[in-house]
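Structure record follows, encoded as structure tokens.
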Amino acid sequence: MARILLIEDDAALSRGLVAALMAEGYSVDPAFDGQSGLEMALDEPYAVITLDIGLPDMSGFDVLKGLRAKGCHAPVLILTARDAIDDRVRGLDLGADDYLLKPFEPKELGARLRALLRRPQVDPSPVIRVGKLEFDRSHHSASIAGRSLDLRRREWVVLERLISRVGQVVSKERLASEVFGYDEAVAPNALEVYIARLRKKLEPDGPTIRTLRGLGYLMEEDGD
Ligand code: CA
């Protein structure tokens, strides 16, 4: 069941849309201002975000800018009463995926959402942020709170594999095969050596790498 975040300050409209979308089988969380919408979107992996432009505390454009700047790439569908062409263009320029002009029929919204959900999910950003750690795939660089990390090639690969799966357990065997390949003769504790070095380099502000005995490794956002 796809989860939708509905950022809309009009309480009556919000109630109506939540009911209509739930009837179509979506799970819907409403947010009534820009700030809470932004926080919710960064906390949860929503399948689609619908975004009103006229919000009480900030414009939907600023919400969209904030989302993209913080690495949230969920598809965004702008819902706006403004029919000025400039607004539509501006929204799309800022990274919105589609827009719908108010007033609209709930079934039209349903159709637009289905179209967005059918799109393959790609992460266009090579930069991943986990807490204070910023990891840039395209430049092969990583930094913590602006301090750049000096990583050896294998350490880089281990970090890349873990950071791609933050919050998930990665088995030791899988990680070892991704880092060393299957056919390379490697000392059994080689992976542990890299993990230990990496932990030192991530201290004290970076994400933590936990060892779960018998299961594997888990990268967690919190460094304290
Ligand atoms: Ca509004």
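On a predicted model such as this, the values are computed, not experimentally measured, just so you know. Counting starts at 1 for both ligands and their atoms, in listed order. Along the sequence shown, residues carry numbers from 1.
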Measure from the side-chain N and O atoms of Asp9 to the backbone N and O of Leu55, and report whether any donor-acceptor pair falls under 3.5 Å. no

Answer yes or no for Asp9: is there an N/O/S atom below the 3.0 Å cut-off from the Ca ion (ligand 1)? yes

With a cut-off of 3.0 Å, does Leu55 put an N/O/S atom close enough to the Ca ion (ligand 1)? no

Any salt bridge linking Lys172 with Glu192? Criterion: basic side-chain nitrogen under 4.0 Å from a carboxylate oxygen. yes

With the threshold set at 4.0 Å, does a side-chain nitrogen-carboxylate oxygen contact exist between Glu108 and Arg112? yes

For the Ca ion (ligand 1), the nearest N/O/S atom on Asp52 is atom OD2

Just say parallel, tilted or perpendicular for the rings of Tyr194 and Phe180, cut-offs at 30° and 60°. tilted

